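The first residue in the sequence is number 1, and the count goes up from there. It should be emphasised that the depicted structure is a prediction, and the values quoted were computed from it without experimental measurement.
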Amino acid sequence: MTALDPAALATCLPPVPGLDWAALARLCPVFVGAGAVNGPLAENLAYMGMRRCVVVDPKRFKPQSTVSQCDPADVGELKAVVLAGRLRAL
């Protein structure tokens, strides 16, 4: 899937005065944690145009993470590595 163009974003999100959607492509946010909050946040920002980011999380997915954070195949894998792979695949 490719990033949404600014015109498409303007039709599906409420207007925000002064918001520059193209700026997402120029940002390089740092996500400290790659779990239930930052994982979906990073993916949604990527859909909206973010091209680069840094993901920091030394933890691995646990079996109970499959409820909301990962697929069963990801259990035992580093969260940052799994999220980076998801983002690359977008």
TODO: For residues F31 and V54, determine if any side-chain heavy atom of one lies less than 4.5 Å from a side-chain heavy atom of the other.
DONE: no
Open item on the list: Tell me the closest heavy-atom pair linking L83 and A42, and the distance in Å.
Closed with: CD2-CB, 4.1 Å
Task: hydrophobic_cluster_shared for L19 and L41, side chain cutoff 4.5 Å - done: yes
- [ ] Taking all non-hydrogen atoms of both residues into account, name the closest pair between A34 and F61 and its distance.
- [x] O-CZ, 4.2 Å
Task: Atom pair CG/CG of L90 and L45 - distance to nearest 0.5 Å - done: 11.5 Å
Open item on the list: What's the separation between atom CE in M48 and atom CG in L24, rounded to the nearest 0.5 Å?
Closed with: 6.0 Å
Task: Residue from K62, R60, Q69 passing side chain to side chain contact (heavy atoms under 4.5 Å, CB included) with K79 - done: Q69
Open item on the list: Using only atom types and a distance under 3.5 Å, with no angle test, would you say the side chain of D71 pairs donor to acceptor with the backbone of A73?
Closed with: no
- [ ] Please check if V30 and L87 belong to a single hydrophobic cluster, counting links between Ile, Leu, Val, Met, Phe, Trp and Tyr side chain heavy atoms closer than 4.5 Å.
- [x] no
Task: R26 to D20 - nearest heavy-atom pair and separation - done: NH2-OD2, 2.9 Å
Open item on the list: Restricting to non-hydrogen atoms, name the atom on V75 and the atom on P63 that form the minimum distance, rounded to 0.1 Å.
Closed with: CG1-N, 3.8 Å
Open item on the list: Please check this pair: side chain of D57 against backbone of L78, looking for a donor-acceptor N/O pair closer than 3.5 Å.
Closed with: no
Task: Contact check, side chains of D74 and R86, non-hydrogen atoms, under 4.5 Å - done: yes
Task: Heavy-atom pair of closest approach, residues V32 and N38 - done: O-ND2, 3.0 Å
Open item on the list: When you compare the side chain of L27 with that of R51, does any pair of heavy atoms fall below 4.5 Å?
Closed with: no
